> 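Questions regarding the structure given below will be posed in turn.
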Amino acid sequence: MPSTRPAATVFILVTVLLDVLGLGLIIPVLPHLVAELTGEDTATAARAFGALTATYALLQFGLAPMLGALGDRFGRRPVLLASLAGMVVSYLVMAVAPSLGWLFVARAVSGIAGASFATANAYIADVTPREKRAQSFGLVGATFGAGFVFGPALGGVLGHLDTRAPFVAAAALAAANLLYGAFVLPESLPRARRRPIVWRRANPLGGVITLRRHAAVLGLAVAFVFASLAQRGMESVWVLYTHHRFGWGELDNGLALMLVGVGSVVVQGLLLRRIVPRFGERRTVVAGLAAVTVAMLLYGLAHDGWMMLAVIPLSSLGAMAFPALQGLVSGRVPADEQGEVQGVFTALMSLTAIVAPLGATALLA
């Protein structure tokens, strides 16, 4: 059983924070950059953006189990550092991309590098006792939320001035993250707990098949897939939809997404640690999914921009579902399989992120 290592947890949380800040910077502006490069209407931009998002997810889906397996074999640290280097390159390419094709190249590199989130989750599992993992995953979620508090707001401000500026800032943050990890981040997986790579399990579909050995995890995976489909679909059309329906620009969406980040921080950083011990992980998952179901229905019925903002607090309650679900999953697999299973779940999220954006953007178009 791992012992709690607060310093190591802080290291990985800072790494995740810098990574998400960079990601948050580009969210309010990437759809607008796609629209600029296509030079067409919202429908054409929506289809192009859906394909761009699916490309990112396809690469992430294909490589997440591999990176998880590499982390189980060689340690978490080298996998994280290599992924951070890829993010620096991808942001720089997006900052100077002269055509839509170059954006696809950059997002493909981002997809490969983004598969490292499975390694970050496995890192947390390495250094946290079983009974505290849901809370620790909640801190990771809260860190994501913190990144989305400041990232989209700053990206909206910079994008309002120059569409390319947020990508330069994101590259700088990714480079800082890489340096931080190289000099500060310790290894979390002792050599005694490492295991050889089983190639059959390191491919995305083969990894999913291994979930059959854990019946309870397989059931949770089904719930995870449906929830992720809904979430990824909404995210892929948010900026284009609010621009088309309410006339929101980069700054408006940046501030709205900042509110989403605030809600995530409050729910995952403050409420989750009180809710899970009192009601248990399973009930927390059910409550979170119920809240986000109602919120998405209300988003669809909104006929004015302020209504979208009013629904965000309810939608934020759904943020407690995923870390509680991750806690359930981590408690049902052996310690030496955490990287593999977390990689499979990241791959499942990426698989839904391939399907959902294509469907949602086609509907918007």
Side-chain angles (χ1 to χ4, degrees), residues 24 27-28 31 42-43 45-47 49-50 53-54 57 138 141-142 144-145 148-149 152 219-248 252-268 270-272 275-276 279 281-326 328 348-365:
I27 287 177
T42 300
R47 292 189 180 94
F49 183 69
T53 305
F144 269 75
F148 280 115
V149 169
L220 293 171
V222 173
F224 182 86
V225 165
F226 280 111
S228 185
L229 278 171
Q231 189 68 26
R232 299 289 84 77
M234 181 181 69
E235 291 172 356
S236 64
V237 299
W238 177 278
V239 173
L240 290 169
Y241 175 76
T242 54
H243 174 72
H244 178 73
R245 186 165 175 80
F246 308 120
W248 287 8
D252 301 298
N253 272 305
L255 295 176
L257 294 172
M258 181 187 72
L259 292 179
V260 174
V262 170
S264 180
V265 169
V266 171
V267 171
Q268 296 186 327
L270 300 177
L271 296 182
L272 193 68
I275 292 173
V276 171
F279 298 103
E281 292 168 336
R282 182 180 180 278
R283 290 181 179 177
T284 302
V285 170
V286 173
L289 294 179
V292 77
T293 298
V294 175
M296 287 186 178
L297 176 62
L298 294 177
Y299 282 139
L301 296 175
H303 55 78
D304 199 86
W306 69 266
M307 296 180 178
M308 302 289 282
L309 300 179
V311 177
I312 287 176
L314 176 62
S315 179
S316 297
L317 292 177
M320 63 185 176
F322 283 103
L325 193 150
Q326 285 178 302
L328 284 173
L348 287 173
M349 181 178 290
S350 300
L351 183 59
T352 63
I354 298 169
V355 177
L358 292 174
T361 55
L363 288 172
L364 177 60

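Since the structure is predicted, the reported quantities are computational estimates derived from the model, not experimental observations. Reckoned from all heavy atoms, side chains included, excluding hydrogens, waters and symmetry mates.
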> Provide the closest heavy-atom pair for Ile312 versus Ala256 in the form atom of the first, atom of the second, distance.
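Taking Ile312 first and Ala256 second, the nearest heavy atoms are CD1-O, 3.7 Å.
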> For Phe49, which residues count as a ring pair (Phe, Tyr, Trp, His ring centres under 6.0 Å) partner, sequence neighbours excluded?
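Checked Phe49 against ring pair (Phe, Tyr, Trp, His ring centres under 6.0 Å); zero matches.
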> Scan residues 310-321 for pairs that pass side chain to side chain donor-acceptor pair (under 3.5 Å), counting only residues two or more places apart or in two chains.
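For residues 310-321, and leaving out neighbouring residues, there are no side chain to side chain donor-acceptor pair (under 3.5 Å) pairs at all.
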> For Ser228 versus Thr352, what's the shortest heavy-atom pair and its separation?
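Between these two residues, the closest heavy atoms are OG-OG1, 2.7 Å.
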> Decide yes or no on side-chain contact (heavy atoms from CB on, under 4.5 Å) for Leu271 and Met320, but give the supporting numbers first.
CA-CA 8 Å; Leu271 296 182; Met320 63 185 176; over 6 Å; no
> With sequence neighbours left out, which residue pairs that include part of residues 350-365 fulfil the salt bridge (Lys or Arg N to Asp or Glu O under 4.0 Å) condition?
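Sorted result for residues 350-365: empty, none.
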> Which side-chain N or O atoms in residues 237-244 pair as donor and acceptor under 3.5 Å with protein atoms at least two apart or in another chain?
{"unit_1": "Trp238", "atom_1": "NE1", "unit_2": "Asn253", "atom_2": "OD1", "d": "3.0"}
{"unit_1": "Tyr241", "atom_1": "OH", "unit_2": "Arg245", "atom_2": "NE", "d": "3.0"}
{"unit_1": "Thr242", "atom_1": "OG1", "unit_2": "Trp238", "atom_2": "O", "d": "2.9"}
{"unit_1": "Thr242", "atom_1": "OG1", "unit_2": "Val239", "atom_2": "O", "d": "3.2"}
{"unit_1": "Thr242", "atom_1": "OG1", "unit_2": "Asn253", "atom_2": "OD1", "d": "2.9"}
{"unit_1": "Thr242", "atom_1": "OG1", "unit_2": "Asn253", "atom_2": "ND2", "d": "3.1"}
{"unit_1": "His243", "atom_1": "ND1", "unit_2": "Trp248", "atom_2": "O", "d": "2.9"}

> Supply the atom-to-atom distance Leu220 CG to Glu281 CD, rounded to the nearest 0.5 angstrom.
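Output value for this atom pair is 9.5 Å.
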> Of all the heavy-atom pairs spanning Ala295 and Val311, show the shortest one and how long it is.
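Nearest pair, atom of Ala295 first, then Val311: O-CG1, 3.5 Å.
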> Taking all atoms of both residues into account, what is the closest heavy-atom pair of Ala310 and Pro313, and its distance?
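Looking at all heavy atoms of both residues, the closest pair is O-CD, 3.3 Å.
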> Looking at residues at least two apart in the chain, or sitting in another chain, which of them share a side-chain hydrogen bond (donor to acceptor under 3.5 Å, both in side chains) with Glu235?
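side-chain hydrogen bond (donor to acceptor under 3.5 Å, both in side chains) check on Glu235 returns Gln231, Arg232.
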> Test side-chain contact (heavy atoms from CB on, under 4.5 Å) on Thr361 and Arg47 and set out the steps.
CA-CA 6 Å; Thr361 55; Arg47 292 189 180 94; 5.7 Å; no
> Can you name the closest pair of heavy atoms from Val285 and Ala321 and give their distance?
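In terms of heavy atoms, the two residues are closest at CG2-O, 3.6 Å.
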> Please collect all side chain to side chain donor-acceptor pair (under 3.5 Å) contacts where either partner lies in residues 282-305, sequence neighbours excluded, each pair once.
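As it turns out, the side chain to side chain donor-acceptor pair (under 3.5 Å) pairs with a partner in residues 282-305, which skip direct neighbours, are Asp304-Trp306.
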> Which pair of heavy atoms, one from Pro152 and one from Leu257, lies closest together, and at what distance?
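The pair with the smallest heavy-atom distance is CB-CB, 3.6 Å.
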